[in-house]
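Only heavy atoms go into these numbers, but all of them, side chains included; no hydrogens, no water, no symmetry mates.
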Amino acid sequence: MDRFTERNRGVGKKAPVGDGLAAQFELDGRSVRVAKPFTFMNASGRMVGEFARFFKIPPAGTLVVSDDMDLPLGALRIRMKGSSGGQRGLESVLEAFNTTEVPRVRLGVGPRPARLDAADFVLSRFGPGDEPAVGDMLDRSCEAIAAAVSLGLETAMNRFNKVPG
């Protein structure tokens, strides 16, 4: 979210509600609000839900960005709705909204090595050889979020739901 906000000349500041940062800027004539929770990932829905209620943003008008260890490193997956797929931060957001109809962008960080616990894996640093793929994924995720805002989720899904190759 930092990269997306900076690219769009937004400035993060303390959120008016919850524990986190917020930014607001215009993107292709649309007002965009960004929230970055400082809570533990498993409790991020608390801040996101408070933020959305404060600004009267419906679940369908929210776009959650999260990691996904079931997607290969560098892959993006945009969905309009669905389960959390076991991603606890997303699960927390879905619980806060009391619906699974929350759009999301999932960033592939997998696969998780069998020997590593899921929490240890997602909290570990990427390897030096992974840095180019991670940087590219972050750049493409900024483009995907912008496309979702400007062109709609279906167009963004058609454009970005591809495994990089």
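For Arg53, the side-chain hydrogen bond (donor to acceptor under 3.5 Å, both in side chains) criterion is met by no residue, not counting sequence neighbours. Residues meeting the salt bridge (charged side-chain N to carboxylate O under 4.0 Å, His left out) test with Arg112, sequence neighbours left out: none.
Under the 4.5 Å side-chain heavy-atom criterion for Ile, Leu, Val, Met, Phe, Trp and Tyr, Val48 and Met1 are members of distinct hydrophobic clusters. If you chain together hydrophobic residues whose side chains sit under 4.5 Å apart, Phe38 and Met41 never meet in one group. Note: the hydrophobic cluster containing Phe25 does not contain Leu151 (ILVMFWY, side chain heavy atoms under 4.5 Å, direct or indirect links). Val34 is connected to Leu153 through a chain of hydrophobic side-chain contacts under 4.5 Å among Ile, Leu, Val, Met, Phe, Trp and Tyr, so both are in one cluster. By the rule that hydrophobic residues join a cluster once side-chain heavy atoms approach within less than 4.5 Å of another member, Met69 and Val65 end up as members of one cluster.
Without hydrogens or angle criteria, Ser124 side chain to Phe121 main chain gives a donor-acceptor distance under 3.5 Å. When atom types are taken as modelled, the side chain of Ser44 and the backbone of Phe40 share no donor-acceptor pair closer than 3.5 angstrom. Side chain of Arg77 to backbone of Val105: no donor-acceptor contact under 3.5 angstrom is found. Counting only distance, with no hydrogens or angles, the side chain of Asn8 and the backbone of Gly10 share no donor-acceptor pair below 3.5 Å. In this structure a side-chain-to-backbone donor-acceptor pair under 3.5 Å is missing from Arg79 to Val102. Panel note: side chain Ser150, backbone Ala146; a donor-acceptor pair is recorded below 3.5 Å. Between the side chain of Asn42 and the main chain of Gly89, no donor-acceptor pair closer than 3.5 Å is present.
Here the straight-line distance linking atom CZ of Arg140 with atom CG of Asp136 works out to 4.5 Å at 0.5 Å rounding. Leu21 contributes atom CG, which lies 7.5 Å from atom CG of Asp2 (distance to the nearest 0.5 angstrom). Between atom CZ of residue Arg30 and atom CG of residue Asp28 there is a gap of 7.5 Å, rounded to the nearest 0.5 Å. A distance of 11.0 Å separates CE of Met80 from CG of Leu63, quoted to the nearest 0.5 Å. To the nearest 0.5 angstrom, Glu154 atom CD is 13.5 Å from Arg159 atom CZ.
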I'd like to know whether Arg104 forms a side chain to side chain contact (heavy atoms under 4.5 Å, CB included) with Ser66, so could you lay out the CA-CA distance, the side-chain angles of the two residues, the decisive distance to 0.1 Å, and finally the verdict. CA-CA 8 Å; Arg104 75 280 315 260; Ser66 67; 5.6 Å; no

Show your reasoning for whether side chain to side chain contact (heavy atoms under 4.5 Å, CB included) applies to Arg106 and Leu90. CA-CA 10 Å; Arg106 299 178 87 146; Leu90 179 56; 3.9 Å; yes

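Within the 4.5 Å cutoff, no side-chain heavy atoms of Leu107 are placed close to those of Leu71. Counting heavy atoms from C-beta on, the side chains of Thr100 and Ser83 never come closer than 4.5 Å. The shortest side-chain heavy-atom distance between Arg46 and Ser92 does not fall under the 4.5 Å cut-off. In this structure, the side chains of Leu73 and Asp130 come closer than 4.5 Å at one or more pairs of heavy atoms. Residues Leu27 and Phe4 meet the side-chain proximity criterion, which asks for heavy atoms closer than 4.5 Å. For the pair Met137 and Leu76, the minimum side-chain heavy-atom distance is below 4.5 Å.
Around CG of Asn98, the count of heavy atoms belonging to other residues, nucleotides or ligands within 6.0 Å does not exceed 12. Lys14 NZ: more than 12 foreign heavy atoms inside a 6.0 Å radius. At most 12 non-hydrogen atoms from other residues, nucleotides or ligands lie less than 6.0 angstrom from CZ of Arg88.
Here the closest heavy-atom approach between residue Thr5 and residue Ala23 is recorded as CG2-CB, 3.6 Å. The minimum heavy-atom distance linking Asn161 with Ile78 is given by the pair OD1-N, 2.6 Å. Counting all heavy atoms, side chain and backbone alike, Glu91 lies closest to Ser84 at OE1-OG, 3.5 Å. Closest approach of Pro37 to Ala35, counting heavy atoms only: CD-O, 3.8 Å. Of all heavy-atom pairs between Ala60 and Pro103, the closest is O-CG, 3.5 Å. Considering all non-hydrogen atoms of both residues, Leu138 and Ser141 come closest at O-OG, 2.7 Å.
Between the side chains of Asp67 and Gln87, at least one donor N or O lies within less than 3.5 Å of an accepting N or O.
Using a 4.0 Å cut-off between a side-chain N of Lys or Arg and a carboxylate O of Asp or Glu, Arg3 and Asp139 qualify as a salt bridge.
Sorted by first and then second residue, the ring-ring contact (aromatic ring centres under 6.0 Å, His included) pairs with a member in residues 43-86 read Phe51-Phe55; sequence neighbours excluded.
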